[in-house]
Structures are given as C-alpha cells and as structure tokens.
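Contents: one structure, followed by commentary.
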Amino acid sequence: APDGGRVCLTMGSFRYAFPGAMERISAIVEGLLELGVEVVVAIGEAEGKQLEEKYPQVHAGWIPLEAILPTCEVVIHPAGGLTAVNAINTATPQLILNPFEAFVPRLKHLTDQGCARTLYREEGTPEAITRVVKEMLGDSSYCSKARALAEQAATAPTAVGMVPLIEELVTGKGPNR
C-alpha cells in the first residue's frame, strides 16, 4: 500500500447504477489517488472491472466491508446505515456523503463524536471529498474517536438483550416494576 494508507469508497449497493455515477466515482478516485493512498472501491463486479482497467492501481469490485474496513484509514459512503454500522464496529473514520435531509440529525451524532465528517448534497464535489479526506488523514483524532465509539458500541446491549426491557415496557410488568 502507498504510504498514505488505504481509503475505501462505496456508493452503496445501487447508487453506481445512476446516470453519470461512474464519471463521479472516477473523479473521486482520481482525487484520492493524488493523495498517495491506496484506493479500494466497493462496487458491483462489472463496474469494478471498468475502474481497474482505467486505474490499474485501484482495487474494485464486490468487497465485504466488514473484511476491508479494519484495514482502512477512512471510508467514504453515501449515508448507508449498514456501512455506517460496519465503520463504527471496525473503528473506521467516516466521510459521509449525505444525500437526504432526513439523515442530518442521525449523522450529527457521528460528527459530534468526532469520528466522521459529512458533506451534504452539493458540498460533496470530488474536490471537496479529496480535501476532507486529506484533512482526516492528517488528524489522528478521527481514529481515536472512532476507536472510542467502537468500544462503546461493543458494550451496548444486543437485540436479544433488549427483549426483557421491551417486554417490560409493553406489559408494564417486569423486574423493575
């Protein structure tokens, strides 16, 4: 890997199919390559082959995020819930390209924790993405805050652990009543 580490880009499971998406992804990849980082793009296999042909130094295609994220310094994604959870669990700092107003309050929790940055809609130009990733790579606090959040998440109750609490809330009965 180049000295700058590894950055993962994913546009989710379907966003790369939109018109103009591959041109946008290519522009983002070009900016990231200028930073001297290894670029990994989690994308469909056919699109991954196109990217690898255009940028031989890029690894692209179907990649399980839970396997690649622990090796990444930053993951860039479009506010995908599963991607965000994987990033939290693997202590990977996030650059979130938020397309939806409804996501702003939830994403604020991650940015307030100091383990993520958000670019909203038009702010998420390839140039802005490159600039923010460069800032994140140069600031180790994103990694330490991501580790702290991962530790907090690891001690949170599981869904099964929440069942007694839910039963208590629904029935009004339980060990705390």
Side-chain angles (χ1 to χ4, degrees), residues 1-44 47-48 50-52 54-61 63 65 68-88 90-149:
D3 292 345
R6 177 180 286 159
V7 174
C8 179
L9 169 65
T10 177
M11 296 309 275
S13 55
F14 66 92
R15 285 188 178 87
Y16 57 83
F18 290 136
M22 289 302 291
E23 290 81 8
R24 175 171 164 71
I25 291 168
S26 290
I28 295 168
V29 165
E30 288 173 12
L32 294 173
L33 289 172
E34 289 175 11
L35 297 177
V37 297
E38 179 183 356
V39 178
V40 177
V41 183
I43 196 166
E47 293 78 11
Q50 289 175 15
L51 288 170
E52 287 180 339
K54 190 171 182 179
Y55 310 102
Q57 69 276 46
V58 170
H59 302 286
I63 302 165
L65 293 178
I68 196 70
L69 290 185
T71 70
C72 294
E73 278 63 45
V74 176
V75 60
I76 304 164
H77 66 91
L82 292 175
T83 303
V85 168
N86 269 308
I88 290 167
T90 59
T92 308
Q94 305 176 54
L95 172 52
I96 304 164
L97 309 176
N98 179 23
F100 304 113
E101 183 73 33
F103 291 175
V104 171
R106 293 282 178 228
L107 296 176
K108 186 172 179 343
H109 292 297
L110 289 173
T111 56
D112 286 351
Q113 290 278 339
C115 61
R117 296 272 300 269
T118 301
L119 292 173
Y120 184 67
R121 290 193 181 171
E122 298 80 22
E123 296 173 345
T125 64
E127 298 78 18
I129 292 167
T130 300
R131 178 183 45 78
V132 172
V133 168
K134 182 177 182 178
E135 292 169 6
M136 292 178 75
L137 291 172
D139 183 347
S140 63
S141 71
Y142 289 101
C143 291
S144 59
K145 300 288 175 98
R147 277 192 302 277
L149 183 59

> Has the side chain of E52 got a donor or acceptor atom that lies under 3.5 Å from a matching backbone atom of A60?
Replying inline: yes
> Are the side chain of T92 and the backbone of V75 linked by a donor-acceptor contact shorter than 3.5 Å?
Replying inline: no
Please give me the minimum heavy-atom distance between [X] and [Y], naming the atom from each residue.
X	Y	answer
A87	L69	N-CD1, 3.7 Å
V58	V41	CG1-CG2, 4.0 Å
A116	I96	CB-CD1, 4.1 Å

>> Check this for me: does any side-chain nitrogen of one of R131 and E135 sit under 4.0 Å from a carboxylate oxygen of the other?
In response: yes
Is [Y] close to [X] at the side-chain level, that is, under 4.5 Å between some pair of heavy atoms?
X	Y	value
L110	L149	yes
R6	I68	yes
L97	R24	yes
E73	P93	no
T118	E123	no
L32	I76	yes
L82	H77	no

> Knowing that exactly one of L9, V7, T125, V133 qualifies, which makes a side-chain contact (heavy atoms from CB on, under 4.5 Å) with I28?
Replying inline: L9
> Can you list the steps and then say if E30 with Y55 is a side-chain hydrogen bond (donor to acceptor under 3.5 Å, both in side chains)?
Replying inline: CA-CA 9 Å; E30 288 173 12; Y55 310 102; 2.5 Å; yes
>> If I take atom OG1 from residue T90 and atom CZ from residue R147, how far apart are they, to the nearest 0.5 angstrom?
In response: 12.0 Å
> For the atom pair CD1 (I129) and CZ (R117), what is the distance rounded to the nearest 0.5 Å?
Replying inline: 12.0 Å
